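On a predicted model such as this, the values are computed, not experimentally measured, just so you know.
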Amino acid sequence: MTVRAGLERLSLNQATAGSWSALEAVKGCARAGVPGVGLWREPVADAGVERVAKAARDAGVRVSSLCRGGFFTTGDSAGENRRAVDETAALGAEVLVLVCGGVPPGSRDVDGARARARDGIAELAPYAQAAGVRLGVEALHPMFCSDRSAVVTLDLALDLAEPFPADVVGVVVDAYNIWWDPNVHRALARAGGRILSYQVSDWVTPLPAGALQGRALPGDGCVDFRGLGAAVDAAGYTGLVEVEIFAADLAGRSGDEVLALVCDRYLKHVA
């Protein structure tokens with residue numbers, strides 16, 4: 001694969017081009033000269049983990065992330081998270097993204113939810129280390145605290161990661177989730193070599209119904225990608241920049257059309 005000039009650090013998260021299967025996303029990135037793809041476990045399972053892994057290797061496309069593991073605060077997550085580690089290793093993905101889980105139904109104990117995430121990571125980390133898999137704790141925006149993640153700032157994510165070796169547990173920096181934080185630049189400097197993934201999408205207001213579908217293409221909202229990206233780079237991150245957008249207005253477009261938009265906006269607002 002020949003990487004297109006200017007796109008040397010770009011990765012397309014599969015969810016952005018939702019009409020594509022895992023295999024189509026890999027092949028589409030290769031056609032467009034995009035060097036990376038971020039994948040999701042369910043579409044990968046549909047196509048077959050080994051089949052997707054071979055397709056990525058043959059195409060020369062890096063798997064920048066696999067989403068997701070975590071959800072430590074509800075149910076018995078241990079077995080599912082070990083399976084996620086196994087899939088990450090088989091794909092050769094650069095990080096397994098951990099969304100740690102919100103406040104359990106019927107509970108009001110947000111500190112307890114964070115403690116359960118801490119304990120779940122401690123249980124999973126040795127298994128991941130033995131498999132050569134890096135775990136990336138992703139902080140989500142506070143609006144997701146009740147149901148998706150009680151880890152709502154980059155500093156909280158770092159608190160969970162720092163008891164472990166940096167090559168085993170780090171953090172995922174998602175611009176959509178952390179752009180608002182007045183301490184984010186200090187936290188990025190603190191993160192240093194623990195940044196395992198950098199994801200971008202823009203914040204627009206008013207949010208559409210259903211906040212999960214509220215992300216936008218870079219340039220459509222208010223996130224300062226130049227400033228955040230410079231701080232991420234200054235912390236020592238040299239990896240791929242993954243465009244991850246959940247947006248209803250992209251869902252009906254072809255994967256090739258979405259990827260062309262992503263490349264254009266990445267060059268104008270992120271690179």
Side-chain angles (χ1 to χ4, degrees), residues 11-30 34 36-59 61-102 117 120-121 124 127-128 131 133-138 140 144 147-149 151 172 174 176-177 196-197 199-201 210-215 240 242-256 258-259 262:
S11 178
L12 174 76
N13 187 283
Q14 181 187 356
T16 308
S19 67
W20 269 345
S21 69
L23 289 171
E24 288 169 335
V26 169
K27 294 173 183 178
C29 286
V34 173
V37 65
L39 296 174
W40 286 68
R41 293 183 63 206
E42 295 83 355
V44 168
D46 290 343
V49 176
E50 294 299 336
R51 189 178 176 205
V52 175
K54 183 178 186 303
R57 288 193 303 268
D58 291 348
V61 174
R62 293 163 58 184
V63 181
S64 55
S65 70
L66 182 64
C67 196
R68 63 194 175 213
F71 287 92
F72 301 107
T73 62
T74 56
D76 181 10
S77 64
E80 191 60 35
N81 279 316
R82 287 193 292 270
R83 284 188 286 274
V85 167
D86 294 341
E87 293 161 13
T88 306
L91 289 167
E94 296 176 8
V95 60
L96 172 62
V97 179
L98 298 182
V99 175
C100 288
I121 293 169
L124 185 61
Y127 189 85
V133 166
R134 300 189 300 174
L135 306 174
V137 181
E138 181 176 8
L140 298 194
F144 299 118
D147 62 342
R148 294 189 176 272
S149 183
V151 181
V172 174
D174 186 328
Y176 180 83
N177 287 310
L196 304 183
S197 176
Q199 298 177 329
V200 298
S201 60
L212 278 177
Q213 296 297 317
R215 299 181 178 224
L240 295 172
E242 191 173 299
V243 178
E244 182 188 55
I245 302 170
F246 314 121
D249 64 336
L250 296 181
R253 302 188 185 191
S254 72
D256 287 310
V258 171
L259 183 52
V262 165

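In this structure the side chain of Lys54 reaches within 4.5 angstrom of the side chain of Arg57, judged on heavy atoms. The side-chain heavy atoms of Val99 and Phe144, taken from C-beta on, include no pair separated by under 4.5 Å.
Looking at Thr88, its side chain never comes within 3.5 Å of a backbone N or O of Val133 through a donor-acceptor pair. The closest donor-acceptor contact from the side chain of Thr73 to the backbone of Gly102 lies under 3.5 Å. Using modelled atom types, one side-chain atom of Ser201 and one backbone atom of Glu244 make a donor-acceptor pair closer than 3.5 Å.
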* To do: Walk me through it: do Ile245 and Tyr176 pass the test side chain to side chain contact (heavy atoms under 4.5 Å, CB included)?
  => CA-CA 9 Å; Ile245 302 170; Tyr176 180 83; over 6 Å; no

* **Full working for side chain to side chain contact (heavy atoms under 4.5 Å, CB included) between Glu242 and Glu94** => CA-CA 12 Å; Glu242 191 173 299; Glu94 296 176 8; over 6 Å; no

* Asked: What do the steps show when you test Asn81 against Tyr127 for side chain to side chain contact (heavy atoms under 4.5 Å, CB included), and what is the final call?
  -> CA-CA 10 Å; Asn81 279 316; Tyr127 189 85; over 6 Å; no

* Give the C-alpha distance, both sets of side-chain angles, the deciding distance and a yes or no for side chain to side chain contact (heavy atoms under 4.5 Å, CB included) between Val137 and Cys100. => CA-CA 7 Å; Val137 181; Cys100 288; 3.8 Å; yes

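Rounding to the nearest 0.5 Å places CD of Glu50 at 8.0 Å from CG of Leu91.
For Ser254, the side-chain contact (heavy atoms from CB on, under 4.5 Å) test picks out Asp256, Glu257, with sequence neighbours left out.
Applying side-chain contact (heavy atoms from CB on, under 4.5 Å) to Val49 and the options Val44, Asp86, Leu66, Leu39 leaves one that passes, Val44. The side-chain contact (heavy atoms from CB on, under 4.5 Å) test with Trp20 singles out one residue from Val37, Val26, Leu259, and that residue is Leu259.
Between Lys27 and Glu24 there is no salt bridge, since no side-chain N of the basic residue sits under 4.0 Å from a carboxylate O of the acidic one.
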